[in-house]
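To keep things clear, I will list the structure first and then write my remarks on it.
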Amino acid sequence: MFYIFCPYCDERREEEEFHPSGQAHITRPADPENCSDEEWGDYLFFRDNPRGIHHELWVHRLGCRKFFNITRDTTTYEILETYPMGERPTVTAERAGVRQEQGVQTADGGWQTVGARPENSKLNEETPS
Amino acid sequence: MSEARSENSASNVAVFDTHPSDAIDAESPLHWSRQRGVIDAAAGEGQVTVVERPFLGHLILRGGAIVLDEAVRETLGVSLPGQPLGLNHDADGSRSVQWLSPDEWLVIVPAGEEFELENRLRAQLGDAHFAIVNASGGQTLLELSGEHAREVLMKSVTYDVHSHGLPVGKGVGTVFAKTSVNLRRPREDRFELVVRRSFADYCVRWLLDAGREYGLSVE
Amino acid sequence: MSQHNRLNQGGRIDRSRSLSFTFNGQRYQGFAGDTLASALLANGVDIVNRSFKYSRPRGIIAAGADEPSAIMQLGASEAAQVPNVRATQQALYDGLVARSTNGWPSVQRDVMSWVGRLGGHLMPPGFYYKTFMAPASMWMTYEKWIRKGAGLGRSPAASDPDIYDHLNQHCDVLVIGAGPAGLGAALSAARAGARVILCDEQEEMGGSLLDSRESLDDAPAADWVAKAVAELDAMESVTLLPRTTANGYHDHNFVTLHERRTEHLADTAAGAGREGEVRSRLHRVRAEQVVLASGAHERPLVYANNDVPGNMVAGAVSTYIRRYGVVPGQKLVLTTNNDHAYRAALDWQEAGRDVVAVVDSRANPDGELVQQARDSGIRVITGSAVMEGKGNQRVSGARVVAIDTPRFVVTGSIEELDCDTIASSGGYSPVVHLASHTGKRPQWRDDLLGFVPGEVKGMHYAGGVQGIYALDESLADGARAGAEAARAGGFEAAGAMTLPAAASRRESATEALYQVPHEKTSLRAPKQFVDFQNDVTAAAIELATREGFESIEHVKRYTALGFGTDQGKLGNINGMAIAARCLHRSIPEVGTTVFRPNYTPVTFGAIVGRHCRELFDPERYTALHQWHVENGAEFEDVGQWKRPWYFPQKRRADGQERLETMHEAVARECLAVRQGVGILDASTLGKIDIQGPDAREFLGRVYTNKWAKLAPGRVRYGVMCKDDGMVMDDGTTSCLGDNHFLMTTTTGGAASVLEWLELWHQTEWPELQVYFNSVTDHWATITVTGPEARKLFSEVTDIDLDREQFKFMDWREGRVAGVPARVFRISFTGELAFEINVQANYALHVWKTLFAHGEKYDLTPYGTETMHVLRAEKGLIIAGQDTDGSVTPEDLGMHWAVGYDKPFAWIGKRALNRPDTAREDRKQLVGLKPKDPKVVLEEGAQIVLDPDQAIPMTMMGHVTSSYYSPVLESGFALAVLKGGRKRMGETVYLPMSNGTTHEAEVVSTIFVDPKGERQNV
């Protein structure tokens, strides 16, 4: 049961008031018509699943109805920060220096699970975000 | 059919007076609960009292705070709560403005004032980007007071209803049993619940149950 | 039977209030202040249960939550049955009825003895997996009998008469445990001004102070407890919760407390004279800071026959003597590896009974308490331990031997001591359970010989839970933790807290002894129990390590160590120590154990609270609900809404009056709409008010079709996709003004569509000037539909209903029954229809007025079932029924509603060009007409092309909607079928589970009025 700071209501509220909406900072390609099928599929279906720091989009469904972002450690469930739409996180895996240890290879672009890499690495290239 | 016709302002938005000119029976959201005895059945000793304030005018204002503040003060004589979760009242306490989100406020005024208020606000606001939505038929206001009102709320909402969490002049949208309410603290000895019409019966049945040990009564 | 183990004085019981109770059918007496366990011991009841696997007799071992054996089934009536209650935690009340959980049919003589006697080598660890798993089909049968024999308690077969509830609490500091450390913490936090909740699982606050030999401020420690509790009680900012177990620690300092409010008085609230009151309450506490002062559990030593009744942990012996005035035997042998346990021998002696010897594993113990025992004339045997207990139904002696602890061997000859009680102490295990509930691993401390909690954000530890056992230190540590917690919550104490004066005692170090070596190997020695509740022996753990289980987590699962309601409170550390010894590793190398909620069992009632029966889930009512009820509607649940399903009428047949069946009512309602006029309460449809200069642009992006030219006064149907191109919702949207629209959604989609619009506006297109607000509850919606609709409606409205003035897909303002209304000419039936929106408070008046005028047209109310039949006859989909998240607008044959040439890449557009969504063999919506008109196909039935194909058959699609049509006088269905649109006229087959196969023809989705003329009149 999380206790989540809503950056708009400016106080912490019970998790039951909120709803998670998946990974944060997934930007819709600016020109969908000219995306390759791979690029479009990546935007639609591929998400990170890191062990450690993760940025998530949540909505204060029963409160102010606003969307905002959470930086959360998926191993401790600690919420490290919440920030409104349009802002960037101040706590990131790179900055926390843990991304490599967590088995998350950022060099290959958004590819998460070591050992389960598919043949076509293009499929897993990070979408511009 | 004059009142029924929209008074089309320059804003290209259809305003609409929902009230008939003739005396026509209206039913509050708790009408059915009364009819079938849910409410009458609770003749308690009154350590906690719930009173419905039906048929009030409820308007949702959307827009920028600075723009709306001026218009609301001009037309209503109440300033827009600047801080999140703020709740302001006019001098006699019958008109209120509540912060709902950074671009959303709830205005509650005495029954039947809402249409005229909407028109005056629209005139004041002119070409600004804003929205006004009449929600009067969709919600009702319950006042909760009495010695054990706080305990009844503790059984009902997850929010901290102690004065530390919910002081006078604050209102929050929060979880109530398995639905949600807008919970307000207009005075030290009173809480208000703004409940959606379709959930009103459930909310009142929940309150009656939670308040049974304190002899809760509903008017 | 008399209470022959009861002392004449002492203890916190009221000898003037005698209470009568029964255990396994036998009547006994106890006193107010007793627990069920202390009363049983006072009466000399040795055997309270049979063991789980070997069916050995078991007695009471401990005095609190750590008791593994005295597990009871409580309740005098069937409805009041409660399983798995620890006798040590149940306050005695008059009329209490208890039974052993294990030991069917009797604890004294048991039919399961064949298992027990054959036991030993025939029941190694993994026995159940190895023996009863084959044949697999018999497992259910085996399990039933094993469970009945072993006993795991049973749930009541009758409805619980009691009520339970939840209370949401918030505080600055939650203190868990009201022993010396917890009281110290609560006092210092409360004095600093923090809002404090103090909870303790026992009947009284005070913890170990209630049976302490120590004094505080030169008075009995319990006197100080009374003063401290009184001070806390008087403070407005403090909530005291005795008889309340902190059962679960969840993320971000959310703690669930289980408060038992009437369980100590009777087995039902009514039985306690508190009819209608809450039996137990779950406090859902969100604490800024938590102080965990849960203390420690004493570990027994592991030696042969250590489970025979009369074997107890040393601290429990002291507790029974000092708190309950009960000495659970005549002649005591104490075996220990530490000083603290000497208290049991001193208490025993002071109670006037024999202490045969204290057997201390250490070579030269010389602490204050050791000296005190020697000075009192107690024989202290050093460098030795009890190797084996004697006796079957009760301890009859102890075999003592000198041991070499590090080498794990016996070194001397065996001395047999005559005794009836063996108290043992192997040191203390901090109660770290709550601190590990969120997954934090406890840390081993060699100096303490125990695990202490890992660091948890917002949690502070005080006293025994972090290995601080001396009274003076524990009090001080509590005060420190309380002040720290208060400070972290923003409250600063005025100054240091004055603590009561307590003696500081010099102790000699505890020795690391867990299992006592035996002259025989573990496998040949009599059983040495580690986990009493699950009958796990030292030999079993040894065997497990030999079979290759190296992690304690695997050993646990293989042997069942730490399972059940016990959760390893007494046995876990001993088990780990034995595994470590066998594997030649240290304890932390073997692993640590984390615990899960709940700490002790919680009744389902407390978990459910008031969310049951009529309050189980919200029931949402429309403004017309009263009319529906008064007119006999049957209701259907649509989300949380109660919607009229159909309106059965009375019918006379064969001289008897009866209600129509659903089939009859729906047929009548359908025909009324097709031939006359019907009326529907459509208020549950989602309604969203959209305002702003960019409202039109926004609609163009979220709907698949075009909105640029929709004029005020007009209405359009729209389909909404997700960005994967799959249909998400549909509905009509009306242009109220150039910058003002009213969107409708499906009933179920109301909240999710609004959130969807907000998502896109807030995260992708914040530059668009538009606002969305729900007006679902504000408007009541009444649909009047059928060929006679215009005639009826014209009687109650001032709107010009001329078909040229008010066309299909127009909306108009006016009055209906004197009430201002917006009226929409849209149709979900295929007939002429007017959908009326009025402010919900006036809906009943409008509805009744329509009926007043409708009598001459035989105005017929209809429900959701008829609505479904009528819309399906027209091939109109219901999003969520005919679609399932894998259906595109093209699949539905709605290419007319897809604006491929719209300038913006609207949601779903790109995906509709993906190769997969452009396939021609996708499942497409078709109509199905059963060859036999009497057949109504099952919704969900699979479609095949070859009815004779062997299973698994090639599945080509399935039925999504299916009804009987009174107009067609036939069943008909909508279905999705691979390449369906090219299969018009083909015959398909629907094999049913009963072996029959239906035949159907693939037809158009529109069964009635294919040209759409009827709605356009």
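- Salt-bridge check for B:Asp160 with C:Arg195: passed, with a basic side-chain N closer than 4.0 Å to an acidic carboxylate O.
- Within the model, atoms CZ of B:Arg197 and CD of C:Gln839 stand 7.5 Å from one another, a figure rounded to the nearest 0.5 Å.
- Most heavy-atom pairs under 4.5 Å with chain B: of the set C:Val775, C:Thr684, C:Asp165, C:Ile690, this distinction falls to C:Asp165.
- In this structure, C:Lys848 does not pair ionically with B:Glu27, as no charged nitrogen and carboxylate oxygen lie closer than 4.0 Å.
- Heavy atoms closer than 4.5 Å to chain B are found in both the backbone and the side chain of C:Phe616.
- Heavy-atom proximity under 4.5 angstrom to chain C picks out B:Ile132, B:Val133, B:Asn134, B:Ala135, B:Ser136, B:Gly137, B:Gly138 from residues 132-143 of chain B.
- Contact check for B:His19 versus C:Tyr842: side-chain heavy atoms found under the 4.5 Å cut-off.
- Among residues two or more places apart in sequence or in another chain, the salt bridge (Lys or Arg N to Asp or Glu O under 4.0 Å) test is passed with B:Arg150 by none.
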Contacts under 3.5 angstrom, residues 162-170 of chain B side chains, donor-acceptor by atom type, not counting sequence neighbours:
from	atom 1	to	atom 2	distance (Å)
B:His162	ND1	B:His164	N	3.1
B:Ser163	OG	B:Glu188	OE2	3.3
B:Lys170	NZ	A:Glu11	OE1	2.8
B:Lys170	NZ	B:Tyr159	OH	2.8
B:Lys170	NZ	B:Gly165	O	2.9

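- Of the two parts of C:Gln640, only the side chain, counted from C-beta on, holds a non-hydrogen atom closer than 4.5 Å to a non-hydrogen atom of chain B.
- Geometric assessment of C:Arg822 against the ring of B:Phe16 yields a positive cation-pi assignment under the 6.0 Å and 45° thresholds.
- Residues that satisfy the ring pair (Phe, Tyr, Trp, His ring centres under 6.0 Å) test with B:Phe199, not counting sequence neighbours, are absent from this structure.
- With a threshold of 4.5 angstrom between heavy atoms, C:Thr776 approaches chain B through side-chain atoms but not through N, CA, C or O.
- C:His611 and B:Trp206 have tilted rings, their planes meeting at an angle from 30° to 60° on a 0 to 90° scale.
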